[in-house]
Amino acid sequence: MTKSTTAEISLFEPKILRAAAIQAFAKLDPRGLVRNPVIFVTALVSVLATILAAREVATAGPNGFIAVQIALWLWFTVIFANFAEAVAEGRGKARADAFRATKASALAKVLVEPARRDVWQGKSLDDVVVDDIILVEAGDTIPTDGEVIDGVASVDESAITGESAPVIRESGGDRSSVTGGTRLVSDWLVVRVTARQGETFLDRMIALVEGAKRQKTPNEIALDILLAGLTLVFLFVVVTLPVFASWSSTEIPVIYLAALFITLIPTTIGGLLSAIGIAGMDRLVKANVIAKSGRAVEAAGDIDVLLLDKTGTITFGNRMADAFEPVPGVGERELAEAAFLASLADDTPEGKSIVDLGARKFGLSQQARAGMTFVPFTAQTRMSGVDFADGSSIRKGASDTILRLVGGTMEPALDAIVRKIAMSGGTPLVVARDGRILGVVHLKDIVKPGIRERFAELRRMGIRTVMITGDNPLTAAAIAAEAGVDDFLAEATPEKKLELIRGEQAEGRLVAMCGDGSNDAPALAQADVGVAMNSGTPAAKEAGNLIDLDSDPTKLIEIVLVGKQLLISRGALTTFSIANDVAKYFAILPALFVTAYPGLGVLDVMGLGTSQSAILSAIIFNALVIVALIPIALKGVRYVPSSASALLSRNLAIYGIGGLIAPFIGIKLIDIIVDLLRLA
């Protein structure tokens, strides 16, 4: 289950709304507005409208009241657009505050003599530099990011990941990375500092979550260009209207033209575009995933191929005893009892599973018997077992090891059992007692429940899944078939992973993968979406563009869904906005020109009261529709796995038709209210 680093933040959290209201005015700074062309143009027109309104009032002109109303609602449009972005940023900053609270304030114990743990000097974190060697003991908060070079300890990472269970961190391997702000539960660690203050993983997370440095993605830039183009088109349209009006001896006040221009340009999507992008990153944070860039989130929604490690992702990663397979002449209980006794002191997951299977299947007692001497597994012997006081012994291990021990050859019956288990994707563990082979324990890497259904869901999205494993092709094929993946890469090496990704990309596909080891770094860097595990090495975290704080490889599926939802939300609201503008164009122009051109009366389906109320109603609707869509922009449009054509049809049906109808209803209702207030 996904954990959240912070409590669920309400969409209408009063504290966030208050801060966003202040920020909405602070964002009126032209240096910030210019990044959003549509809203920047709206602000410029608002300034012009304010000047015109002031002049009308000062000269007691006939349009003074309506001009003031138009100017106010134009400013409200700009402020509401800023408010949407500020709310999205505020939600991110609220999560960032939770991360910031985890930063350590204690002194770092910098070792004066790295070879000795008893000679250290307390230093302020500001004085700690890269490559300093620090000591962290039980109960201490790890002061900064680093790599374990000595020791093994349990680390509480709940402040970062939300996971209450401590994790093991040790030198060497893929579990050597530690994060500043986490706490040591037991033992001690000697850590080499890998990040300068202000550039730690936690510092980067805070900056990323706050969205202060969020860069526009290529699709956003392309959409900005489209919106700017539409703005220019409508500018030309509005500029030419006085020419048509003059032909019919009709005069349109400049303030009306300014208002008409703003109602026709795509202010709705222009005002919500930034909020949609920031909210997408915020949804990832809720899933305990930190995005280094908005580009990665967006790319996740477009991926075609998903690469997943077998171990820990598709399977539990620990081989478990699944069955006892005796050779002819030996009973299953006899084999089970021998394997059970040989595994009583075996603390490996395999050994514990054998004991558990024997106890469940035959009710064997888990009490050790007198006179038993346990023989642990070693890399040299490649087997383990137990010796008894009467001189008898039991051994379990790989088939070739046990055959050498008993000095025999592979009997056909034993060979058939071993081959059957290997071809099914399992591992055969041969058991012998006093030089006599009893049979084989079938060890199986168990496929996680429900994983097949999740792969089927990805397939419906048009995403091909590829399992990556170091297993031999036979084992890999068996597990791939059971899990339901589309393809697999067996005996994988860093070079093979890189080759596979480049091959897919060369054919125009976007690729996502996850990893945690230094050997995964090249592939993570090459993939379009590289998800690094927080428990992984610094090299892996540096290479990835997304970091999963829970270190759960199956999170890739959630990341894909968030990316899809981001793209669907942007597409849906863009469709609504453009349809909205088209509807407003046909709703307002007849009201303005029906007197000069009576033939336009057939298009005046709303029957708006006057040209003044038509313009004012459209301006009010234009501002309020942004407010109405803020919750959708922040929560996202619900994504239902289906084909691209089905999604397009759904968007056009709901948001396209909805965008066409909404202005007719909304503007008419507002027009009625405006007329009632005018008459009152």
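For clarity, every value in this text was computed on a predicted model and none was experimentally measured.
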**Study point:** All side-chain hydrogen bond (donor to acceptor under 3.5 Å, both in side chains) counterparts of T50, not counting sequence neighbours
**Key:** W75
Check your understanding: Sequence neighbours excluded, which residues qualify as side-chain contact (heavy atoms from CB on, under 4.5 Å) partners of L669?
Key -> I665
Point to revise | D528 CG to D302 CG distance, which is reported to the nearest 0.5 Å | key: 10.0 Å
Check your understanding: Residues in salt bridge (Lys or Arg N to Asp or Glu O under 4.0 Å) with D304, at least two apart?
Key -> none
**Study point:** Spacing of C514 atom SG and L306 atom CG [to the nearest 0.5 Å]
**Key:** 8.0 Å
Check your understanding: Quick one: side-chain hydrogen bond (donor to acceptor under 3.5 Å, both in side chains) partners of Q565, sequence neighbours excluded?
Key -> R283
Review point. For the side chain of N82 and the backbone of F25, is there at least one donor-acceptor N/O pair under 3.5 Å apart?
Key: no
Could you go through residues 39-48 and list every donor-acceptor pair under 3.5 Å that involves a side-chain atom there, pairing it with any protein atom two or more places apart or in another chain?
unit_1, atom_1, unit_2, atom_2, d
T42, OG1, V38, O, 2.8
S46, OG, T42, O, 2.7
S46, OG, L74, O, 3.4

Check your understanding: Hey, is CZ on F664 packed in by over 12 heavy atoms from elsewhere, all under 6.0 Å?
Key -> yes
Point to revise | side chain to side chain donor-acceptor pair (under 3.5 Å) partners of residues 622-632, not counting sequence neighbours, each pair once | key: T267-N622, K584-N622
Check your understanding: With a 4.5 Å heavy-atom cut-off, do T263 and I619 have their side chains touching?
Key -> yes
Practice item. List in chain and number order the residues that pass side-chain contact (heavy atoms from CB on, under 4.5 Å) with I578, two or more places apart in sequence or in another chain; answer none if no residue qualifies. Key: L230, T574
Point to revise | With A579 via side-chain contact (heavy atoms from CB on, under 4.5 Å) - residues at least two apart | key: L660
Study note, to complete from the structure: Y655 meets the side-chain hydrogen bond (donor to acceptor under 3.5 Å, both in side chains) criterion, sequence neighbours left out, with none
Practice item. Name all residues meeting the side-chain contact (heavy atoms from CB on, under 4.5 Å) criterion together with I626; count only those two or more places apart in sequence or in a different chain, and write none if there are none. Key: T77, F80, L272
Practice item. Could I get the full list of side-chain hydrogen bond (donor to acceptor under 3.5 Å, both in side chains) partners for D671, not counting sequence neighbours? Key: S613
Review point. Stepwise, does the side chain to side chain contact (heavy atoms under 4.5 Å, CB included) test hold for F236 with V239?
Key: CA-CA 5 Å; F236 291 137; V239 166; 5.6 Å; no
Review point. Quick check: does any side chain N or O of S569 sit under 3.5 Å from a backbone N or O of A633, one acting as donor and the other as acceptor?
Key: no
Exercise for review: Return the set of residues passing salt bridge (Lys or Arg N to Asp or Glu O under 4.0 Å) with R509 (not counting sequence neighbours), or none when no residue passes.
Suggested key: E504, E507
Check your understanding: Between atom CD1 of I269 and atom CG of L226, what is the distance when rounded to the nearest 0.5 Å?
Key -> 10.0 Å
